[in-house]
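Worksheet: the structure to be examined is printed underneath.
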Amino acid sequence: STNRDIIFGDFTGVSIYRIDALGTLTTLSTGLLNNVVRLIEDYNGDIIYTGNALIYAPSSVMRLDTLGLVTAVAVLVGNPFAIVLEPTGNFPTGDYVITLPLQGELQRVDPAGGITTLATGMSFPTGVAHFPNGDYAVAAAGTDDLLRIPAGGGTPTVWVPGSSFGNIKDVVADGQG
């Protein structure tokens, strides 16, 4: 958020909240969604989140726009977990890249809801980061490996083996990429 507010979801309480720098808590949405797993803010200030929705079964990538309207971006087969905003050439929109842990997949969801599978065969991918060169880093919790997937998708390769970590769950790219 441009105001440096904190936005968070309640996994079981079917709500998304904002807390500002002064500590004021505001409910952004309640009762329309369930199992808010991960949240990001897109280039338009909309909140994009993964989880199950009461009216968009089975699982979805959802958008909570700046006016408070909740809509489904894409309905998925599987349980989405991690999400990252992938910049594209048509700013201010971007594609959303998500992990599907039970299916072992990394998928791209475009703003219109189109789905492209970028990689398969990963063991319970729970985190994803996008680099400026287009590559992806994926935390594979099933093996505790940190994987690298080439720009545009392809076969995951082990970047750092799981034996180097105790229990990897997420990954983020710093400002350097």
Side-chain angles (χ1 to χ4, degrees), residues 7 9 16 32-66 69-160 168-177:
I7 298 169
I16 295 178
L32 292 176
L33 46 129
N34 194 12
N35 297 339
V36 176
V37 177
R38 291 285 197 264
L39 302 143
I40 59 170
E41 185 177 36
D42 73 7
Y43 300 111
N44 297 316
D46 296 341
I47 305 303
I48 308 299
Y49 60 95
T50 61
N52 297 328
L54 297 175
I55 56 176
Y56 299 107
S59 297
S60 303
V61 175
M62 304 291 291
R63 174 183 291 116
L64 170 62
D65 69 21
T66 56
L69 179 64
V70 176
T71 56
V73 176
V75 177
L76 306 167
V77 176
N79 296 310
F81 199 77
I83 185 169
V84 66
L85 183 62
E86 177 184 72
T88 60
N90 55 355
F91 284 101
T93 63
D95 293 341
Y96 315 112
V97 176
I98 59 167
T99 62
L100 295 169
L102 297 178
Q103 290 72 24
E105 295 181 357
L106 183 69
Q107 293 184 340
R108 176 184 292 128
V109 179
D110 67 38
I115 299 172
T116 303
T117 299
L118 298 173
T120 61
M122 295 173 283
S123 181
F124 210 75
T126 55
V128 60
H130 181 259
F131 294 99
N133 72 352
D135 289 354
Y136 304 93
V138 174
T143 57
D144 291 325
D145 291 332
L146 183 60
L147 305 174
R148 188 173 199 120
I149 298 169
T155 303
T157 58
V158 176
W159 197 1
V160 181
I168 188 170
K169 295 291 184 229
D170 207 355
V171 62
V172 64
D174 67 14
Q176 306 286 313

Closest heavy-atom pair and its distance - [X], [Y]:
X	Y	value
Ala74	Gly113	CB-O, 3.9 Å
Ala141	Lys169	CB-NZ, 3.6 Å
Ala151	Asn133	CB-O, 3.7 Å
Pro125	Gly104	CD-CA, 3.7 Å
Leu106	Met122	N-CE, 3.5 Å
Ile48	Ile83	CG2-CD1, 3.6 Å

Under the 3.5 angstrom rule, does the side chain of [X] hit a backbone N or O of [Y] as a donor-acceptor pair?
X	Y	value
Asp145	Ala139	no
Asp135	Pro150	no
Asp65	Asp46	no
Thr143	Ser123	no

State the [atom1]-[atom2] distance between [X] and [Y], to the nearest 0.5 angstrom.
X	Y	atom1	atom2	result
Gln103	Phe124	CD	CZ	9.5 Å
Thr120	Gln107	OG1	CD	10.0 Å
Asp42	Ile47	CG	CD1	8.0 Å
Arg108	Ile115	CZ	CD1	12.5 Å

Practice item. Answer whether the closest heavy-atom distance between the side chains of Ile7 and Ile16 falls below 4.5 Å. Key: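 Answer yes - side chains close enough.
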Point to revise | Test item: Tyr136 and Thr99 side chains (from C-beta on) under 4.5 Å apart, heavy atoms | key: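 No, too far: nothing below the 4.5 Å cut-off.
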Check your understanding: Please walk me through it: do Asp170 and Arg38 pass side-chain contact (heavy atoms from CB on, under 4.5 Å)?
Key -> CA-CA 11 Å; Asp170 207 355; Arg38 291 285 197 264; 3.7 Å; yes
